[in-house]
Peer 1: 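Provided herewith is a single structure, encoded as structure tokens, for subsequent inquiry.
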Amino acid sequence: MTKAMDNNFVDENCIFCQISNNLTNNSQLLYEDNNLVIINDIKPAVDQHYLVLPKKHITNIKNMKKEESIQIINNMKTIGENFMKSKGFTDESQLRMGYHWPPFNSISHIHLHLLYPIRQMSWISRVIFKTGSFWFVEINDLIQWLSKR
Ligand SMILES: [Zn+2]
Ligand SMILES: [Zn+2]
């Protein structure tokens, strides 16, 4: 198990750093590799609501080098999609994968929301996870945005 801590990219005060690097007693990792983990969202908006987190403390992808940011987001997307497939998602139109733009992210450590099925969302969740809004961006739109930068 590789810990991002090895290369000084962990912020000890950040809850997502603590969880993704197993620094808390109650980390429930549903998936883990050298760079990413997947956890349950603590306030699920639908039956299946997960977060993909990099182990590295990245507060804002806008501050990263273009190539690196695209690589990280693409990797989060692939791992997230495979995870949702393993959980049995069958209807692609019911899957939403996206990212909260700063300053609308409640925690300053980038994370990808995985939601399924979106028809279960309440009206408030539909607002929070609204694609194309200035607070939430769908993963493919984000990749496109990053590559045009
Ligand atoms: Zn962090
Ligand atoms: Zn979020």
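Please read all numbers here as calculations on a predicted model, not as lab measurements. Counting starts at 1 for both ligands and their atoms, in listed order.
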Peer 1: Quick check against the 3.5 Å criterion: does R126 have a side-chain atom that pairs as donor or acceptor with the backbone of R119?
Peer 2: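 Yes: the side chain of R126 pairs with the backbone of R119.
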
Peer 1: Quick one: the NE2 of H113, the Zn ion (ligand 2), ND1 of H100 angle, rounded to 10°, please.
Peer 2: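 Answer comes to 90°, rounded to 10°.
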
Peer 1: Among the N/O/S atoms of H111, select the one at the shortest distance from the Zn ion (ligand 2) and name it.
Peer 2: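 Nearest N/O/S atom: NE2.
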
Peer 1: Looking only at atom types and distance, does a side-chain atom of Q48 sit under 3.5 Å from a main-chain N or O of L114, one as donor and one as acceptor?
Peer 2: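 The answer is no, because no donor-acceptor pair under 3.5 Å joins these two groups.
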
Peer 1: If you check every N/O/S atom of H109, which is the one nearest the Zn ion (ligand 1)?
Peer 2: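 In H109, the N, O or S atom with the shortest distance to the Zn ion (ligand 1) is ND1.
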
Peer 1: Is there a path of hydrophobic side-chain contacts, each under 4.5 Å between heavy atoms, that joins I79 and Y99?
Peer 2: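 Same hydrophobic cluster.
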
Peer 1: May I ask you to decide if D91's main-chain N or O and Y116's side chain share a donor-acceptor pair within less than 3.5 Å?
Peer 2: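 Indeed, once roles are kept as given, a pair shorter than 3.5 Å links the two residues.
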
Peer 1: Which atom name would you report as the N, O or S atom of H57 nearest the Zn ion (ligand 1)?
Peer 2: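 That would be atom ND1.
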
